[in-house]
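One structure is given here, and the rest of the page talks about it.
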Amino acid sequence: MKSTKETLSKLKKDKNAIIIAHNYQLPEVQEIADFVGDSLELSKIAKKSGASIIVFAGVRFMAETAKILSPDKKILLPVKDAGCPMADQISSDDVRKLREEYPDAAFVAYVNTNAKVKSVVDICCTSSNAIKIVNSLKQKRVVFLPDKNLANWVSLHTKKEIIPYDGFCYVHNRFNKYEVLRMKEKYPDAEILIHPESPPEVLKEADFVLSTSGILKRAAESDKKRFIIGTESGLIYRLNKENPEKDFYSLGEPKLCFNMKKTSLKDIYNSLFNERYEIFISESIINSARNSLERMVNI
Ligand code: 13P
Ligand code: SF4
């Protein structure tokens with residue numbers, strides 16, 4: 001009997017497809033993926049790839065970003081309702097209203113936003129380049145959306161006035177200072193790596209504040225043997241796999257992103273076999289949203 005990996009390999013070949021998976025996906029999904037990475041890395045891989053079908057094991061805004069950067073490819077999201085609750089906290093109408101309130105400000109959207117929101121802002125950013133993007137702007141005031149915690153992190157590293165939107169990631173926003181202090185006491189020699197979607201009191205305790213791929217890179221380069229990881233706990237799988245000689249501990253109780261865990265191997269097989277659920281975005285939104293993403297890439 002053929003293994004799932006073999007069955008998927010044949011299907012991928014027949015359909016000229018690849019499977020890409022975010023760093024938070026289930027281990028079995030990461031294992032069959034052609035590439036595993038952070039949201040922007042994966043969209044860039046989707047763009048560069050010669051495949052005509054991309055199965056994106058992640059959440060909707062990530063698959064949409066891939067579609068915006070590769071409009072000619074068929075981008076499939078295996079689970080229709082795998083969304084990002086933070087991305088859903090702001091709409092393009094909310095941005096339009098804010099523009100009336102702050103006519104002189106630049107509008108910066110984190111990639112964790114839907115395509116329509118990307119189409120009405122000036123520029124996008126990721127968790128790894130947010131400070132650089134904000135500092136590159138000519139405006140003195142910046143409306144930063146939707147994540148208030150990332151906005152606060154940026155405000156500590158710029159002279160610009162940051163106007164944060166009141167959004168947050170329900171996974172990272174649950175970290176608290178006491179979890180860090182307890183773990184510091186337990187593992188005083190550990191390096192603390194935290195994602196910038198976490199609250200300010202938690203980021204203050206970090207040795208490094210990094211995106212998911214930034215955490216992977218730092219863990220590989222560091223001389224330290226132990227690490228406290230402040231992000232969605234799915235990242236620990238890849239950290240352990242790539243650094244078997246080092247120890248990784250989730251900050252506090254493990255924190256899971258429910259929507260990131262919805263995608264199973266069966267969903268991936270069904271997605272590719274039935275070519276569902278395809279991402280459709282209108283041409284005008286693709287064009288405006290691509291401008292915001294390309295402005296970011298050019299900086
Ligand atoms: P990264 O881009 O750092 O992988 O983060 C995506 C995300 O959704 C974090 O919660
Ligand atoms: Fe969205 Fe948070 Fe899940 Fe990332 S971890 S996809 S920001 S809900």
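Please read all numbers here as calculations on a predicted model, not as lab measurements. Each ligand, and each atom within it, is numbered from 1 in the order the structure gives.
With a 4.0 Å heavy-atom cut-off, ligand 1 is reached by the side chain of N112 but not by its N, CA, C or O. With a 4.0 Å heavy-atom cut-off, ligand 2 is reached by the side chain of N112 but not by its N, CA, C or O. By the criterion of a heavy-atom distance under 4.0 Å, neither the backbone nor the side chain of E232 is placed next to ligand 1. Using a 4.0 Å cut-off between heavy atoms, S211 contacts ligand 1 through both its backbone and its side chain.
At least one heavy atom of Y24 sits under 4.0 Å from some atom of ligand 2. Note on ligand 1: C169 sits outside its first shell, no heavy atom being nearer than 4.0 Å. At least one heavy atom of H172 sits under 4.0 Å from some atom of ligand 1. At least one heavy atom of E197 sits closer than 4.0 Å to an atom of ligand 2.
Note: the hydrophobic cluster containing V143 also contains V120 (ILVMFWY, side chain heavy atoms under 4.5 Å, direct or indirect links). Connection of F144 to V121 is not established within any shared hydrophobic cluster, with ILVMFWY side chains joined at heavy-atom distances below 4.5 Å, either directly or through further cluster members. Both V59 and L40 sit in one connected hydrophobic cluster of ILVMFWY residues. Membership requires side-chain heavy atoms under 4.5 Å apart, directly or through other members. In terms of hydrophobic clustering, with Ile, Leu, Val, Met, Phe, Trp and Tyr side chains grouped at heavy-atom distances under 4.5 Å, V171 and Y178 are assigned to different clusters.
Ring orientation note: the planes of H172 and Y24 are tilted relative to one another, at an angle of 30° to 60°.
Taking the side chain as every heavy atom from C-beta outward, T231 and N23 never approach each other to under 4.5 Å. When side chains are defined from C-beta on, S39 counts as touching F61, because their heavy atoms get closer than 4.5 Å.
Look at K10 and D14 and you find a salt bridge, because one of the NZ, NE, NH1 or NH2 atoms lies within 4.0 Å of a carboxylate O, short of that distance. A salt bridge links R141 with D104: the closest approach of a Lys/Arg side-chain nitrogen to an acidic carboxylate oxygen falls below 4.0 angstrom. Salt-bridge check for K261 with E232: passed, with a basic side-chain N closer than 4.0 Å to an acidic carboxylate O. Classification of D207 and K184 as a salt-bridged pair fails, no side-chain N sitting under 4.0 Å from a carboxylate O. The residues K262 and D267 are annotated as not salt-bridged, no charged nitrogen and carboxylate oxygen being separated by less than 4.0 angstrom.
Atoms of ligand 1 lying under 4.0 Å from at least one heavy atom of D38, given by number and element, are 1 (P), 2 (O), 4 (O). Shown in contact with S127 at under 4.0 Å from a heavy atom are these atoms of ligand 1, numbered in order with element: 3 (O).
Protein heavy atom closest to atom 2 (O) of ligand 1, with residue, atom name and distance, is S39 OG, 2.9 Å. The nearest heavy-atom contact from the protein to atom 3 (Fe) of ligand 2 is C257 SG, 2.4 Å. The protein heavy atom nearest to atom 2 (Fe) of ligand 2 is C169 SG, 2.3 Å. With respect to atom 1 (Fe) of ligand 2, the closest heavy atom belonging to the protein is C84 SG, 2.4 Å. Nearest to atom 8 (S) of ligand 2 among the protein's heavy atoms is P85 CD, 3.5 Å. The protein heavy atom nearest to atom 5 (O) of ligand 1 is H195 NE2, 3.4 Å.
Distances between N or O atoms of H22 and those of ligand 1 include at least one value under 3.5 Å. Residue T212 places at least one N or O, backbone or side chain, under 3.5 Å from an N or O of ligand 1. Among the atoms of E197, some N or O lies under 3.5 angstrom from an N or O of ligand 1.
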